[in-house]
Amino acid sequence: ERALRAGGPFFHGSAFSLADAFYAPFLERWAAQWPLTIGFDVRQPERWPAIDAWFGAMDSLPAYAQVKGDDYSWTAAVSAFTRMFSPGGEVSNEAAALIRRADAAAA
């Protein structure tokens with residue numbers, strides 16, 4: 001948030017830069033997965049207006065639209081990885097609940 005407030009909406013001011021390209025996959029994945037996995041929403045415009053403006057600025061770039069991850073893929077990955085990395089193939093009740101939430105979000 002602080003880095004984006006310095007003239008944003010991008011990390012280095014009004015123009016897209018390598019910093020935006022670097023952070024894009026992390027921020028878009030966190031925006032889709034954290035609400036499901038840890039109950040935390042990265043996109044809270046009232047709390048972090050600069051981050052919300054960054055998402056809007058990124059979405060306005062035609063080139064980004066061609067490479068941006070989609071919500072279905074990011075949320076479906078939660079379900080798939082939770083199944084794949086369950087210890088000994090045993091899915092706990094907590095993991096099963098996460099899988100259900102992720103599957104519902106991906107549907």
Side-chain angles (χ1 to χ4, degrees):
E1 178 71 17
R2 193 173 329 147
L4 291 166
R5 286 187 190 173
F10 297 104
F11 278 97
H12 287 289
S14 61
F16 175 83
S17 72
L18 185 57
D20 302 291
F22 175 81
Y23 282 108
F26 296 104
L27 288 168
E28 70 180 41
R29 178 172 43 106
W30 294 340
Q33 292 179 347
W34 280 1
L36 296 169
T37 58
I38 62 173
F40 183 82
D41 191 357
V42 173
R43 297 196 70 173
Q44 298 181 47
E46 63 287 339
R47 186 171 180 187
W48 296 304
I51 291 175
D52 192 60
W54 178 85
F55 275 107
M58 290 297 291
D59 286 341
S60 74
L61 298 173
Y64 180 61
Q66 294 182 24
V67 297
K68 178 182 176 182
D70 61 283
D71 284 341
Y72 168 79
S73 297
W74 288 126
T75 55
V78 170
S79 177
F81 287 140
T82 301
R83 286 181 175 97
M84 286 172 40
F85 296 111
S86 291
E90 297 287 326
V91 177
S92 68
N93 289 339
E94 182 180 349
L98 174 57
I99 290 167
R100 285 191 298 277
R101 286 193 310 274
D103 288 347

- Message: If you count every heavy atom of other residues, nucleotides or ligands that lies below 6.0 Å from Leu18 atom CG, does the total exceed 12?
- Response: no
- Message: Membership question, hydrophobic clusters at under 4.5 Å side-chain separation (ILVMFWY): are Leu98 and Phe81 in the same one?
- Response: no
- Taking all non-hydrogen atoms of both residues, which atom of Val78 and which atom of Thr82 are closest, and how far apart? O-OG1, 2.6 Å
- Is the shortest distance from a Lys or Arg side-chain nitrogen in Arg47 or Asp41 to a carboxylate oxygen in the other one below 4.0 Å? no
- Message: For Ser86 versus Val91, what's the shortest heavy-atom pair and its separation?
- Response: OG-CG2, 3.7 Å
- At what distance, to the nearest 0.5 angstrom, does CG of Leu27 lie from CG of Asp20? 9.5 Å
- Message: Can you confirm whether Ile51 sits close enough to Leu4 that some side-chain heavy atom of one is under 4.5 Å from a side-chain heavy atom of the other?
- Response: yes
- Co-membership, hydrophobic cluster, residues Trp34 and Phe26, 4.5 Å side-chain: yes
- Item | Co-membership, hydrophobic cluster, residues Val42 and Ile38, 4.5 Å side-chain | yes
- Note on the structure: CG of Asp71 to CD of Gln33, rounded to nearest 0.5 Å, is 10.0 Å
- Task: Using the six-membered ring wherever Trp is involved, compare the ring planes of Trp48 and Phe40 and label them parallel, tilted or perpendicular (cut-offs 30° and 60°).
- Result: tilted
- Nearest heavy-atom contact between Gly69 and Glu28 is N-OE2, 2.7 Å
- Task: Return the minimal non-hydrogen interatomic distance between Thr75 and Ala32, and the atom names on each side.
- Result: CG2-O, 3.8 Å
- Transitive ILVMFWY side-chain link Val67 to Tyr72, under 4.5 Å: no
- Nearest-0.5 Å distance that lies between atom OH in Tyr23 and atom CE in Met58: 13.0 Å
- Spacing of Trp74 atom CH2 and Trp30 atom CH2 [to the nearest 0.5 Å]: 11.0 Å
- For Ser73, enumerate each residue passing the side chain to side chain donor-acceptor pair (under 3.5 Å) test, keeping only those at least two apart in sequence or located in another chain. Asp70
- Query: Would a 4.5 Å heavy-atom cut-off, applied to side chains only, mark Arg101 and Ser79 as touching?
  - Reply: no
- Asp103 (side chain) donor-acceptor with Arg100 (main chain) under 3.5 angstrom: no
- Query: Nearest heavy-atom pair of Ser14 and Pro9: which atoms, and what distance?
  - Reply: CA-CD, 4.2 Å
- Message: With heavy-atom distances below 4.5 Å as the criterion, would you say the side chains of Leu61 and Phe10 are in contact?
- Response: yes
- Message: With a 6.0 Å cut-off (strictly less than), is the heavy-atom count around OH of Tyr64, excluding the residue itself, greater than 12?
- Response: yes
- Message: Testing the basics here: between Ala24 and Trp54, what is the closest heavy-atom pair and its distance to 0.1 Å?
- Response: CA-CH2, 3.5 Å
